[in-house]
Amino acid sequence: MNAEAWQSFLEVSRTILQHRDLAPLFRSLAPQLRSVLSFDFMTLVLHNPATDRMHLHVLEAEAPADVPRVDQPIDQSPAGWVLIHQQPLIVDDVAHETRWPAVMEILRANGVANSCFLPLTTAHRRLGALGFGFLHAHHIDEAELEFMGRVAAQVAVAVDNSLNAEALARERDRLQALLDITNAMVSQLELGELFSSITACLRTIVPHEYSSLALHEPGASDLVIHALEFELGKGRIQQDMRVPIEGSPSGAAFTSGRPVRYESGIWWSEVARILESEGLRSGVCIPLVTRTRALGTVNLASVREDAFSDEDIDFLSQVAAQAAIAIENAQAVREIKRLKNKLAEEKLYLEDEIRTDRNFGEVIGDSPAFRKALRQVETVAPTDATVLILGETGTGKELIARSVHELSSRGQRTFARLNCAAIPTGLLESELFGHEKGAFTGAIAQRIGRFELADGGTLFLDEVGDIPLELQPKLLRALQEQEFERLGSTRTIKVDVRVIAATNRDLPRMVAEQKFRIDLYYRLNVFPLPVPPLRERASDIPMLVRYFTQKFSRRMNKHIETIPAATLAALAEYSWPGNVRELENLIERAVILSTATTLEIPLTELHLHPALTPSTTLESAERQHILRVLEDTAWRIAGPDGAAERLGMKRTTLQSKIKKLGIERAVPK
Amino acid sequence: MLKITTIHAGARVTLRLEGRLVGPWVDEFRKALDECRDATVTVDLSNTTFVDGYGRRVLADARAHGAHMVTAGPLMEALVAQEERGHGN
């Protein structure tokens with residue numbers, strides 16, 4: 001090389017040191033090289049190892065050139081030949097060159113007469129080729145070839161550095177994005193906001209138009225879209241939409257645990273058709289997997305074909321690994337919040353229960369009729385079947401319901417009750433199923449309903465006949481499917497609740513009058529459990545009286561030691577339209593009024609049953625009872641098992657009563 | 001818990017209150033009243049089970065502005081009657 005060439009070579013070296021980016025480098029190089037070599041075009045053609053194609057990276061020309069930037073397969077490109085053979089290539093006559101027809105056609109179209117390609121190679125890798133084009137026939141001599149070779153060697157180093165710098169910058173950007181995403185995940189525990197933070201960071205590294213988060217619920221055969229960002233969407237893909245696992249790209253990623261890349265037209269399923277109709281042409285689904293389970297998928301899609309490279313998928317997989325942990329945490333926090341709210345509601349409910357006066361857990365009665373009911377309780381309790389308790393008001397239906405619950409496998413779980421007649425009709429749905437904040441005017445906070453409260457346990461619906469007709473279908477669904485939605489929510493909640501219902505109304509008649517749904521009636525009437533009225537279990541009355549006396553006297557700090565037998569007898573004769581509740585109220589009143597140790601019961605307060613004759617008084621009832629006992633004992637008043645002992649009074653007291661009531665022994669004829 | 005249902009019939013508005021008119025729900029009731037100040041208002045207390053002191057003051061204020069009260073059951077009837085006596089009605 002002559003001095004001029006060396007001078008130019010030194011300038012080239014200096015220029016290379018001053019430029020990091022390739023296009024400006026070539027713009028500066030071209031005029032310097034033209035002082036030695038009269039070329040019209042200078043090109044940088046690089047090899048893409050992933051596709052094994054040659055790509056025109058830089059074109060420097062004095063005059064405008066029409067060169068399409070189309071990749072060529074390595075074997076159809078002169079630069080590819082140079083890359084493979086690592087030798088300079090001189091094409092003396094472009095017009096008649098038959099090899100590499102596509103490239104030659106482009107050169108001819110731009111008037112190139114001859115061209116020269118030199119390998120760009122460093123110690124570590126083969127990069128591509130440096131090309132020179134001449135519009136006028138130019139014989140390239142040895143000196144020029146040597147010069148171009150030295151320049152190519154320097155340019156190769158510059159290109160290598162530039163490509164490495166680009167790769168490092170990309171890697172730095174990805175790592176920064178990963179750090180930003182991790183920071184976002186750490187600070188966000190709400191699923192929707194977490195996903196928005198993730199996609200905002202992703203968009204800077206992996207451009208896309210659609211992103212969604214699809215999560216799997218255990219036991220389901222589909223994924224549910226929990227978060228969605230798609231500004232260009234036409235509304236066919238929406239949040240809460242269900243995507244079947246079978247036949248969808250996200251389903252395939254979920255089941256395989258590996259990313260799935262797809263192009264339009266490949267997935268012949270409803271999901272694919274929807275994606276295409278929304279203008280999306282390519283996408284990728286990345287599984288979200290923790291140590292314990294697969295949660296779902298993160299899905300990105302683009303309106304461009306083949307928009308996601310292997311490098312993108314590697315990066316997204318790293319993000320997905322972090323996101324899975326964050327999403328699992330967010331789900332855990334949501335579940336904790338839900339359980340915390342439920343616990344708070346249960347606490348309020350149970351505090352309320354404690355304040356309520358009741359005799360639960362103490363079933364009093366030994367009469368044949370009551371024992372029959374208790375046997376039925378023992379039979380049905382362990383079965384988890386729905387029970388319909390039938391009985392008049394005040395017969396202890398709630399007591400029976402609690403007994404069923406306590407004898408069942410749910411005995412240690414919640415027993416929630418609701419008196420359907422005591423709740424205003426408009427609030428009944430909310431009481432049963434809960435509501436979301438804002439569901440109606442007055443819904444100032446989210447509320448958990450009785451079905452959710454009783455999840456895992458038992459729900460007692462008292463006065464079930466009072467449930468309005470319009471609410472009955474929802475109750476039926478909750479009974480049959482064990483699922484419902486809170487007022488104001490579209491999210492289906494599944495529960496495991498055993499229902500025990502009670503009524504004193506004639507449900508079959510209500511069904512006939514179309515005031516009660518027949519399907520709901522059949523669903524409730526799986527095991528009807530009649531509770532006898534008190535008048536059919538009169539032999540239990542003395543036991544109940546003693547129990548209530550003890551209860552109230554303890555509460556009022558009184559000492560009641562004696563309950564007159566005659567009084568007990570009179571009580572046993574009464575019809576008790578209010579049943580046990582009426583008896584309890586009477587005994588409470590009696591304890592209040594009693595001043596000594598004998599219970600003084602205000603029998604005159606009891607209302608006579610209309611079926612009784614006007615002449616029948618309580619004195620008459622007492623007289624009849626004493627007469628019956630005397631006849632049973634063959635008129636033996638004193639001694640063991642005599643009438644006095646049976647009636648619980650002294651012999652002299654009985655004799656006094658016999659005289660007072662005018663009881664006489666019938667003389668046999 | 002209180003549910004407020006607003007029923008419009010021309011220039012007449014009925015506010016049906018179901019549940020307990022207490023605490024923060026009284027504020028919700030006031031908002032509902034404010035939204036229909038220009039109408040002839042009827043407050044339906046047929047299914048109202050309890051009213052606290054604050055709720056009574058708001059009801060009294062509504063009556064003073066011409067709202068008509070509909071009641072059912074002894075508690076609400078007594079409450080409204082007491083308010084009416086208090087105002088010399």
Side-chain angles (χ1 to χ4, degrees), chain A residues 341-342 344-353 355-356 416-454 459 461-463 465-471 474 485-489, chain B residues 1-9 12-39 41-52 54-59 61-62 67 69-80:
Chain A
N341 285 344
K342 186 171 176 235
E345 290 273 355
E346 276 184 20
K347 180 175 171 284
L348 287 173
Y349 175 77
L350 288 170
E351 280 173 354
D352 200 43
E353 285 278 281
R355 280 192 286 272
T356 305
R417 63 176 180 146
L418 179 67
N419 187 321
C420 302
I423 308 292
T425 311
L427 285 178
L428 199 50
E429 186 175 357
S430 168
E431 281 288 334
L432 278 169
F433 304 112
H435 62 248
E436 298 294 344
K437 183 178 173 183
F440 51 83
T441 309
I444 58 176
Q446 185 193 72
R447 183 188 172 93
I448 292 172
R450 299 301 167 107
F451 265 98
E452 264 187 275
L453 203 65
L459 175 61
L461 297 176
D462 200 0
E463 313 279 12
D466 283 70
I467 291 183
L469 206 54
E470 59 269 19
L471 191 53
K474 192 165 179 177
E485 293 81 29
R486 290 184 195 152
L487 269 177
S489 172
Chain B
M1 181 61 230
L2 181 78
K3 181 178 177 185
I4 303 172
T5 308
T6 307
I7 303 159
H8 294 272
R12 309 180 80 87
V13 175
T14 299
L15 295 175
R16 187 190 302 148
L17 310 185
E18 295 173 278
R20 294 162 57 85
L21 182 59
V22 299
W25 286 282
V26 182
D27 291 324
E28 292 292 304
F29 175 47
R30 285 186 70 173
K31 278 185 212 164
L33 279 172
D34 287 341
E35 284 167 12
C36 51
R37 282 284 180 209
D38 297 331
V41 177
T42 298
V43 180
D44 183 353
L45 300 168
S46 307
N47 280 301
T48 308
T49 53
F50 183 77
V51 181
D52 68 3
Y54 178 29
R56 290 181 66 166
R57 286 198 294 279
V58 173
L59 283 175
D61 184 53
M69 304 284 152
V70 171
T71 59
L75 174 61
M76 289 299 119
E77 284 172 0
L79 187 147
V80 171

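A quick note: this is a predicted structure, and the numbers were derived from the prediction, not measured. Every chain is numbered from 1, with letters handed out A, B, ... down the list of sequences.
When all heavy atoms of A:P424 and B:G19 are compared, the pair lying nearest together is CG-N, 3.7 Å. Here the shortest heavy-atom pairing between A:L427 and B:L2 reads CD2-C, 4.3 Å.
In this structure, OG1 in B:T6 is found 12.5 Å from CZ in A:F440, a value given to the nearest 0.5 Å.
Chosen from B:E28, B:K3, B:R16, the residue pairing most often with chain A at heavy-atom distances under 4.5 Å is B:K3.
The main-chain N or O of A:G426 is found under 3.5 Å from a side-chain atom of B:E18 such that the two form a donor-acceptor pair.
Within 6.0 Å of CZ in B:R12 there are 12 or fewer heavy atoms belonging to other residues, nucleotides or ligands. Counting non-hydrogen atoms of other residues, nucleotides and ligands closer than 6.0 Å to CG of B:D34 gives a total above 12.
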